[in-house]
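Okay, so here's the structure we're looking at.
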Amino acid sequence: MCGSFTCSKNALIALNIIYILVSFILIGVAAYSRAASIVTNLAIVGGIIACGVFLFLLSLMGLIGAVRHHQVLLFFYMLILFLLFIIQFSIACACLAVTTEQQHQIAMEGWKRAKLNIKIKTQTIFRCYGFENQTYPPEDPLGGGVPYKNLTKCVARDGRNRCPPCWNILRNAINSSLKICGGIGLFFSFSEFVGVWLTVRYRNQRDPRANPSAFL
């Protein structure tokens with residue numbers, strides 16, 4: 001019977017194993033997204049990473065509680081998982097709600113605060129120069145650029161060395177990062193709500209092999 005004690009126990013164990021895999025997916029995707037937009041400090045993407053780490057630790061707690069049918073562990077697991085669902089759902093919605101203008105503002109602030117070596121790394125990797133409106137790199141690194149001799153050359157159709165503004169390239173990386181993190185975070189947050197429901201049902205079931213007087 002699907003609603004039996006054994007079925008609920010096995011389902012909760014399997015769900016927590018899936019949560020461990022999900023936590024690695026969240027951490028990996030968010031870390032890649034953060035690295036893809038080097039100069040920006042995307043706090044909401046960092047929040048996805050934090051949720052992934054916390055979900056991993058919480059999954060271990062859930063596995064122990066499910067195997068032992070430990071009432072106290074299951075209670076705190078259920079409570080914390082519900083709070084994590086709310087936090088992750090909110091962060092995912094925030095990722096998806098960031099507009100293009102807000103992305104531009106975040107990237108511009110990150111560019112202004114970035115150290116010179118980060119700017120050199122960004123411009124070399126993405127083959128760009130400056131933040132915006134910097135088609136030909138000047139000698140003076142005004143506006144956040146670096147001397148052109150430190151960069152990998154960009155060859156235009158006319159054979160001249162030129163690099164496009166970095167914002168033209170970074171905006172695609174930032175936008176895709178936010179959409180991927182938000183979509184994955186939103187999708188998996190609903191699985192956490194399922195985990196809360198399953199924990200409530202499993203916690204209130206009686207273990208047929210246990211002493212009835214030990215059931216709370």
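All heavy atoms count here, side chains included; hydrogens, waters and symmetry mates do not.
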**Prompt:** Mind checking what makes ring-ring contact (aromatic ring centres under 6.0 Å, His included) contact with His70, not counting sequence neighbours?
**Reply:** none

**Item:** Tyr202 backbone acceptor or donor facing His69 side chain under 3.5 Å
**Value:** yes

For the atom pair [atom1] ([X]) and [atom2] ([Y]), what is the distance rounded to the nearest 0.5 Å?
{"X": "Gln71", "Y": "Asn204", "atom1": "CD", "atom2": "CG", "answer": "7.5 Å"}
{"X": "Ile64", "Y": "Ser59", "atom1": "CD1", "atom2": "OG", "answer": "11.5 Å"}
{"X": "Trp167", "Y": "Asn172", "atom1": "CH2", "atom2": "CG", "answer": "8.5 Å"}
{"X": "Gln102", "Y": "Leu178", "atom1": "CD", "atom2": "CG", "answer": "10.0 Å"}
{"X": "Cys51", "Y": "Leu26", "atom1": "SG", "atom2": "CG", "answer": "7.5 Å"}

Please determine whether residues [X] and [Y] belong to a single hydrophobic cluster, defined as Ile, Leu, Val, Met, Phe, Trp and Tyr linked transitively by side-chain heavy-atom distances below 4.5 Å.
{"X": "Leu21", "Y": "Val53", "answer": "no"}
{"X": "Leu81", "Y": "Ile25", "answer": "yes"}
{"X": "Trp197", "Y": "Val22", "answer": "yes"}

**Asked** Within a strict 4.5 Å, meaning less than it, do heavy atoms of the Arg171 and Asn168 side chains meet?
**Response** yes

**Item:** Side-chain touch Leu12/Thr199, heavy atoms, less than 4.5 angstrom
**Value:** yes

Does [X] have any side chain to side chain contact (heavy atoms under 4.5 Å, CB included) partners at least two apart in sequence or in another chain, and if so, which?
{"X": "Asn10", "value": "Thr6"}
{"X": "Ile80", "value": "Phe54, Leu58"}
{"X": "Thr100", "value": "none"}
{"X": "Leu83", "value": "none"}

**Request:** Share the residues that join Phe24 in a hydrophobic cluster, the rule being Ile, Leu, Val, Met, Phe, Trp or Tyr side chains under 4.5 Å apart at the heavy-atom level.
**Result:** Ile13, Ile17, Ile20, Phe56, Leu57, Leu60, Leu63, Val67

**Request:** Any side-chain hydrogen bond (donor to acceptor under 3.5 Å, both in side chains) involving residues 11-26? Give me the pairs, sequence neighbours left out, ordered by first then second residue.
**Result:** Asn16-Tyr77

**Minimum-distance pair of heavy atoms, taken over all atoms of Gln103 and Asn175** = NE2-OD1, 3.2 Å

**Complete:** Minimal heavy-atom distance between Leu74 and Ala66, with the atoms involved, is CD2-N, 4.0 Å

Which pairs of donor and acceptor atoms, one on a side chain in residues 84-97, lie under 3.5 Å apart (sequence neighbours left out)?
residue	atom	partner	partner atom	Å
Gln88	NE2	Gly185	O	3.0
Ser90	OG	Ile86	O	2.8

**Request:** Check disulfide bond (SG atoms under 2.5 Å apart) between Cys166 and all other residues, then give those that pass, not counting sequence neighbours.
**Result:** Cys128

